[in-house]
Structures are given as C-alpha cells and as structure tokens.
Amino acid sequence: MSKGFLQIFEKLYAYYGPQYWWPADTVFEMLIGAILVQNTNWNNVEKALIRLRPVLHPEKIASLKTDELAALIRPSGYYNVKAKRIKAFLAWFKKYDYNIDKIKQLSLVDLRKQLLNIRGVGKETADCMLVYAFEKPIFIVDTYARRLFKRIGLQMPDDYDDFRTQVEASLPDNPKLYNEYHALIVEHGKVHCKRKPICYECPLFHVCDQQIEDNIT
DNA sequence: TTCCCGGACT
DNA sequence: AGTCCAGGAA
C-alpha cells in the first residue's frame with residue numbers, strides 16, 4: 001500500500017505544502033475562470049480576468065453582447081467559443097438568482113448533472129466548479145493526474161468517471177482533501193512531472209516507476 | 001478527428 | 001517556426 005492515492009497525496013502535501021486554491025477573489029470569478037482556463041495556460045487567463053474585472057459580476061456580464069464579451073476575454077484564446085460558454089453558464093446560474101448558497105444545497109449528483117447539461121461545461125470543468133465553488137468532494141481528472149498516475153506505474157482506466165471513482169474509492173469523503181489534491185497534482189505536474197519529467201528532487205521518486213535513464217536533470 | 005485560438009517559451 | 005497549455009463540441 002505504498003502507492004495508495006492517500007499516500008501519494010500526503011507525500012505531495014508534505015513537499016509542496018497547502019496550495020490555497022482556487023486563485024480567485026470571489027466564487028464568481030472562480031466559476032468564470034474555470035471556463036476561461038479550458039486548454040489554456042493560467043497566465044493567459046489572468047490577462048483575460050484583468051480585462052473582465054470591471055464587469056466581473058453576473059448581471060453585468062449577462063448584459064454584454066456575446067461578441068463584446070468575446071473581445072474582453074480575447075487573451076485567453078478560443079474567445080468566441082468561451083464567450084458562448086460563459087453566456088450559457090450564466091443562463092443556468094440565473095435560475096438560482098446567481099446565488100451560490102442556493103446551489104450548494106443541491107446534492108453532488110444532482111448538481112453535477114445540471115452542470116454537465118450546460119453547453120461548454122464538460123466533466124473536468126464541472127468537477128472543478130464542484131470542488132472549488134460549491135465545496136463538493138469529487139476527484140478532478142485532468143491531464144496532469146492521468147500522466148502522474150500512469151508514470152508512477154498504476155494502470156488507470158481511460159474513461160473519465162472510471163478513473164475518478166477508482167481514485168475516490170481509497171479517499172475519505174472530504175471536500176478539503178479533493179480541493180488540495182487537485183491543486184497539488186497541478187503544481188507537481190508543472191514543477192516535476194512535466195511531459196518531459198524532471199525527476200531530480202521529485203517528492204514521489206521512491207514510489208515512481210520512471211526509468212533512471214530518463215532522469216537527465 | 002478536427003476545430004476553436006492567444007501568448008510564453010524554446 | 002514550432003510547441004504547449006486547468007478542454008469541449010460536432
């Protein structure tokens with residue numbers, strides 16, 4: 001059991017410390033950021049959020065035309081697509097009077113289904129919203145998690161939900177844990193477990209199957 | 001599979 | 001000039 005998902009979490013946490021995610025001033029900003037960050041690096045999302053700041057409020061963004069919104073979020077890339085997605089999300093959000101607390105009262109399963117019904121919100125985006133906006137306990141499967149667990153030597157399912165439930169099976173039902181775990185995996189993916197891995201001083205070196213010959217640096 | 005798309009980094 | 005990035009839809 002040296003390669004359990006909880007043990008991996010603990011090693012990452014011991015090395016990187018608390019990550020204080022999601023980096024946003026308000027829950028609404030987090031929700032918008034979750035759409036903006038799709039297949040985009042965070043640096044470009046920040047540029048878009050700075051331009052959005054003056055209208056970073058549900059009613060204000062809803063009152064913008066889609067192409068006006070697209071112009072504002074241009075630095076994040078895919079701006080025409082993302083403008084429509086933000087609009088679609090807001091249409092759903094409005095049904096709850098833009099009230100986060102009302103949405104939090106929904107069950108995880110019900111809320112997740114509703115989020116996945118929004119055009120432009122897929123599983124990863126929905127789960128990010130569930131964890132970082134609505135404080136629900138769910139494991140976020142992203143490219144960093146797939147790469148990390150595969151590299152460590154665990155054989156994981158390709159299917160998103162199969163992957164997710166397999167990880168969740170060995171973790172306590174704690175929203176704070178899932179919040180920290182995803183943040184730690186992203187940080188680890190950026191610092192050590194990159195596409196071309198940097199295994200020097202990797203906190204998971206001793207539980208990883210990565211061949212020594214790959215460890216140039 | 002292909003399209004959507006900017007910006008930092010190599 | 002080429003690559004990569006907190007994806008999702010058609």
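Chain letters run A, B, ... following the sequence lines, proteins first, then strands; residues in each count from 1. All values below were derived from every heavy atom in this structure, side-chain atoms included, with hydrogens, water molecules and symmetry-related copies excluded.
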Would you mind reading off the distance between [X] atom [atom1] and [N] atom [atom2], rounded to a whole angstrom?
| X | N | atom1 | atom2 | result |
| --- | --- | --- | --- | --- |
| A:Arg195 | C:dT3 | CZ | P | 9 Å |
| A:Asn39 | C:dT3 | CG | P | 15 Å |
| A:Trp42 | C:dG7 | CH2 | P | 12 Å |
| A:Ile118 | C:dA9 | CD1 | P | 11 Å |
| A:Leu115 | C:dA9 | CG | P | 12 Å |

Phosphate-side-chain proximity, A:Arg85 and C:dA9, N/O vs OP1/OP2 below 4.0 Å: no
Side-chain N or O of A:Thr143 closer than 4.0 Å to phosphate OP1/OP2 of C:dC5: no
Verify, without hydrogens or angle tests, whether [X] (side chain) and [Y] (backbone) share a donor-acceptor contact under 3.5 angstrom.
| X | Y | answer |
| --- | --- | --- |
| A:Lys87 | A:Ala62 | yes |
| A:Ser170 | A:Phe5 | no |
| A:Lys82 | A:Ser76 | yes |

Can you name the side-chain contact (heavy atoms from CB on, under 4.5 Å) partners of [X], sequence neighbours left out?
| X | answer |
| --- | --- |
| A:Gln155 | none |
| A:Thr143 | none |
| A:Tyr15 | A:His192, A:Glu201, A:Pro203 |
| A:Pro18 | A:Tyr13, A:Tyr20, A:Glu180 |

Sugar-phosphate only, base, or nothing, as touched by A:Val45 at under 4.0 Å among non-hydrogen atoms: nothing
Sugar-phosphate only, base, or nothing, as touched by A:Asn43 at under 4.0 Å among non-hydrogen atoms: sugar-phosphate
Outermost nucleotides of DNA chain B that come under 4.0 Å of a non-hydrogen atom of chain A: B:dC4 to B:dA8
Closest heavy-atom pair and its distance - A:Gly17, A:Leu184: O-CD2, 3.5 Å
Exercise: identify the closest heavy-atom pair between A:Ile140 and A:Ala145: O-CB, 4.3 Å
Whole-angstrom distance between B:dC4 and C:dA1, as gauged at atom P: 22 Å
P spacing across the pair C:dG8 / B:dG7, given as an integer number of angstrom: 22 Å
Nucleic acid contacts - residues 166-191 of chain A versus DNA chain B, non-hydrogen atoms under 4.0 Å: none
Close residues, residues 65-82 of chain A, relative to DNA chain B [heavy-atom separation under 4.0 Å]: A:Arg74, A:Pro75, A:Gly77, A:Tyr78, A:Tyr79, A:Asn80, A:Val81
Listed once per pair and sorted, the salt bridge (Lys or Arg N to Asp or Glu O under 4.0 Å) pairs that draw on residues 32-56 of chain A, sequence neighbours left out: A:Asp25-A:Arg53, A:Glu29-A:Arg53
5′-ward residue of the pair A:Arg147/A:Lys123 relative to DNA chain C: A:Arg147
Pairs touching residues 119-135 of chain A that satisfy side-chain hydrogen bond (donor to acceptor under 3.5 Å, both in side chains), sequence neighbours left out: A:Gln38-A:Thr125, A:Lys104-A:Glu135, A:Arg112-A:Asp127, A:Lys123-A:Asp161, A:Asp127-A:Tyr160
Contacting residues from residues 22-36 of chain A, given that a heavy atom lies under 4.0 angstrom of DNA chain C: A:Trp22, A:Pro23
Counterpart residues, side-chain hydrogen bond (donor to acceptor under 3.5 Å, both in side chains), relative to A:Asp158 (two or more places apart): none
side-chain hydrogen bond (donor to acceptor under 3.5 Å, both in side chains) partners for A:Lys176, two or more places apart: none
Same apolar cluster: A:Leu108 and A:Tyr178, side chain cutoff 4.5 Å: yes
